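Structure first, then comments.
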Amino acid sequence: MAVSWEESVEYSINTVYLLFSAYLVFIMQLGFAMLCAGSVRAKNATNIMLSNVVDAVVGSISYYLFGFAFAFGSTAGSGSNPFIGTSFFALKDVPNGDYDYSFFLYQWAFAIAVAGITSGSIAERTQFSSYLVFSFFLTGFVYPIVAHWVWSSSGWLSPSSGSLLFGSGAIDFAGSGVVHLVGGIAGLWGAIVEGPRVGRFDAFGRPVVMRGHNATLVVLGTFLLWFGWFGFNPGSFDKILVSYPTTSDQGNWTAIGRTAVTTTLAGSMGGLVTLFGRRLLVGHWDALDVCNGVLGGFVAITSGCSVVEPWAAIICGLVSAWVLIGLNILATKLNFDDPLEAAQLHGGCGAWGLIFTGLFAEEQFVIQAYDSGRSGVSRPYGLLLGGGWGLLGAQLMEVIVIVGWVSVTMGPLFYALHWLKLLRISVEEEIAGLDISSHGGYAYHSHTEQPRPPHYGGYHRMENET
């Protein structure tokens, strides 16, 4: 049947909106790269930037071949599977009535972000080959399964499925759990298996500060991530031209604007609370801590960004800052070493974001986000707003199953790489720095961190002499 001119225009505008959102999310890879590079020592800058590139290129192939199929391959009414997708491998039969290439590209940008989170947790001590292995596995299998549970219309946790868990389904609109908690728990296991960096804790177990070498890159990366988050959260509506039948002047365009506001407020509050909180704890104003506080607020609001009021987003950011500060203190006491605080930030704040949504989601906004604002629809909403326990129960279930799933998949993978001696570099290579020992030279020509050979060949001559 021929498509009308009006329908063609509507489809075109929605496609352009989704593609533009995909481009914004992809820019976050540049933000991750800058944040990671600035947060490590200069002798490892090339290594961490290359690992971010590898996460993207390996994840692209993995997600194309397997990941998208596992995440969205089963659709309602066509042999749906609540656990895993079973079609669309290598984009076979795409585009179709459910998905097109722009949707794939948007979901791909999410998928490669997960591996970038994990890379930060194991920075400065990991063999480069292991990045290839875990990026492929995480992007092609572990993450897509969780995405299927929550975002596929046939997923058992999905708020759009025919059988809603606890009468609600889990609301994880843009991925506090699906993206950030998955990446954070994977990074947690990687850091546990590898152990701390050489010199991170002294002989008595006391922490030794290992500050990143470039605050400029950290701040630049933070602002790039902030910019990309406007594709991450508002873009998750997929379509902008959807009007709400119960109103004369509102539609997805209204909710998209509100989502951008809640995202901004949560991140800003997280940064502000971290600024003063760390000032009280350490006695000075720390730019790097504030940047992580901003990102923690963004991570937490990502789950409920579309279903909460702006005032609730401020509460979300406030609590996320103290979650991050508290987990960092705990990590230090346990001699846990995560150079980018990725496990604490993405794991801890991601879990809080899911719980926050179960407490503060507005029924009207939930209906707008998941039922296009239809009248006569009732859904569970935030517990503190009188919506009952159904939504909060589904949110807690998502936290539990993500932690369990990632632990039983990524934990054994990291242990296997460790057992095969493919995970951690030698002490000598770590002290020299990964740039000179693995990548042929330092990232900066003026690198003078310690007297070492300036070129890859010189490093190996020194190694042979010893």
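Just so you know, these numbers come straight off a predicted model, no measurement behind them.
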Self-check item: Leu138 vs Leu413 side-chain heavy atoms within contact, under 4.5 Å
Solution: no
Quiz item: Can you list every pair that meets ring pair (Phe, Tyr, Trp, His ring centres under 6.0 Å) and has a residue in residues 362-396, with sequence neighbours left out?
Solution: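 Output for this query is empty, none listed.
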Practice problem: Only pairs at least two apart or in different chains count here, so list each ring pair (Phe, Tyr, Trp, His ring centres under 6.0 Å) that has a residue in residues 312-348. | Solution: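 Residue pairs with at least one partner in residues 312-348: His180-His346.
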Exercise. Could you walk me through whether Ser375 and Thr246 pass the side chain to side chain donor-acceptor pair (under 3.5 Å) test, one step at a time?
Key: CA-CA 6 Å; Ser375 59; Thr246 56; over 6 Å; no
In chain order, what residues pass the side chain to side chain donor-acceptor pair (under 3.5 Å) check against [X], with sequence neighbours excluded?
X: Glu194; value: Thr126
X: Asn52; value: none
X: Asp371; value: Arg379
X: Ser102; value: Asp100

Quiz item: Centres of the Phe232 and Trp226 rings: under 6.0 Å?
Solution: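 Aromatic pair excluded; centres sit 6.0 Å or further apart.
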Quiz item: Does the pair Arg278/Asp286 count as a salt bridge with the N-to-O cut at 4.0 Å?
Solution: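 Result for this pair is no, no salt bridge flagged.
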Quiz item: Of the options Phe88, Phe83, Phe89, which is the one that meets Phe70 in a ring-ring contact (aromatic ring centres under 6.0 Å, His included)?
Solution: Phe89
Exercise. Among Ile325, Leu327, Thr332, find the one that has a side-chain contact (heavy atoms from CB on, under 4.5 Å) with Ile329.
Key: Ile325
Quiz item: Do Asp238 and Tyr17 get their side chains close enough for a donor-acceptor pair, meaning under 3.5 Å?
Solution: no
Quiz prompt | Evaluation steps, side chain to side chain donor-acceptor pair (under 3.5 Å), between Trp108 and Ser60 | solution = CA-CA 7 Å; Trp108 157 81; Ser60 298; 2.7 Å; yes
Practice problem: Apply side chain to side chain donor-acceptor pair (under 3.5 Å) to Asp338 and Ser121, showing your working. | Solution: CA-CA 5 Å; Asp338 183 331; Ser121 294; 2.8 Å; yes
